[in-house]
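Written below as structure tokens is the structure these notes are about.
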Number of protein chains: 2
Amino acid sequence: MRAIVEAGFISLSRNGVEGTTTRHIAEIAGVSVGSLYEYFANKEEIFDAMHQHVVAEVVDMVQPRIPELVRMEIRPLVAELLYRFRDLLERDDGRYLRYMSYAAYFAPRNQLEPINRMLMNLLVQYVMHHPDLTRLGNLPAMGFIMINGGIFTVIRHLTDPHPTVAFDDLVRGLGDMVGYFVEGELARGP
Amino acid sequence: MRAIVEAGFISLSRNGVEGTTTRHIAEIAGVSVGSLYEYFANKEEIFDAMHQHVVAEVVDMVQPRIPELVRMEIRPLVAELLYRFRDLLERDDGRYLRYMSYAAYFAPRNQLEPINRMLMNLLVQYVMHHPDLTRLGNLPAMGFIMINGGIFTVIRHLTDPHPTVAFDDLVRGLGDMVGYFVEGELARGP
DNA sequence: CATTTGTTCGGATTCAATTCGGATATGGCC
DNA sequence: GGCCATATCCGAATTGAATCCGAACAAATG
């Protein structure tokens, strides 16, 4: 069962979505096709399990570190999150990255929710630890932008076969984006 | 042929990716299954054609207006682009939006390239019309962030069945993000 | 040992994508 | 009009993948 999900990632990485058949998965996992259906009702459920696995990894990576993250300056915080995120995605020959770049295909409904909630939570905690930030308006909207913009920009950059910008520049850019925004908003306020 | 591509959007909108079979497409288009293959080598090519169609629409929407867009202030410019983009995506019951929410992923090659290039072009022209902006560092990286972040954030917001933030707030937020960034960078420079 | 329970298997079934040979329409030419 | 060339269309037949199912096997229990 663990092996099947594992095999799913491997096959996806090797053969892409279309090329990933139940046969392949079964073969890689070292079981017969019929056995897949002992654990999963259909192929979709295998992908679901893979999805949950990735989501859980991301959450586990950040969640326990929220207390320390909350104490950091904005730009280093952004950088820290992005680098960690990249490392996770590139682990095992980009296994998770491959999955992610197809994710919406499998999970039509918003199944990145747990990650979203966790990051929103981080944002709220962060603001509470930096009292001057409470003057920022419309936190939900800014959170939505930063979280989604950040995640997709990184995925898109990592999947780009010929990136025109370096990842480091991307990280610095995103950090500045957030940093300047906060500084700008605070400077404007009364 | 036009009807087939059209049917593709309709079926995708009605049945999702998995549910979109050649039968459906043929039926909606009012032709037989066999006829599809007179025009397209396989189903994938139909999706490709749909893709090109959307991309062309987006480019046609912005490209001719670059001369006037280039004269606008940053925040109104961002707002203008985003609202237009939304309107396009929501046209015909969100036909293009549906497509986009899948396309962003399952286009293995970067087939959003024309849009990227066009927006990069807009960015460059914009900077040339606002000489003080030439002091901004790392334009490619910032362009990458703004373009990708913007596109995906909007798509993600529009596909969210229960958005927690209003589209107007999103637009204002993205505008501020870019605006404050530029102002911040300029204030820092010598 | 007989029976139950759980696990694995590989063939049978179903359904969608694609192919193909023939049918039908169109339009230029006598 | 009649005739052919070409383009277009059709839908039954093929192929291959997903899924189902009942037999085989093994371990556990009485």
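These numbers come from a predicted model, not from an experiment. Each chain gets a letter, A, B and so on, in the order the sequences are listed, and its residues count up from 1.
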Could you run down nucleotides 4-19 of chain D 5' to 3' and tag each one B, S or - for protein heavy-atom contact under 4.0 Å?
-> ----SBBB-----SSB

Step by step, would you call A:Phe167 with A:Tyr83 a ring pair (Phe, Tyr, Trp, His ring centres under 6.0 Å)?
-> CA-CA 9 Å; A:Phe167 190 76; A:Tyr83 281 120; 5.7 Å; yes

Ignoring hydrogens and angles, tell me if any N or O in the side chain of [X] forms a donor-acceptor pair with the backbone of [Y] under 3.5 Å.
X: A:Tyr96; Y: A:Phe9; answer: no
X: B:His157; Y: B:Thr164; answer: no
X: B:Tyr126; Y: B:Met72; answer: yes
X: B:Thr153; Y: B:Gly149; answer: yes
X: B:Asn42; Y: B:Glu45; answer: yes

Where does the chain A footprint on DNA chain C start and end, counting 5' to 3' with a 4.0 Å heavy-atom cut-off?
-> C:dT8 to C:dG10

How close do A:Val154 and A:Leu82 get, heavy atom to heavy atom, and via which atoms?
-> CG2-CD2, 3.6 Å

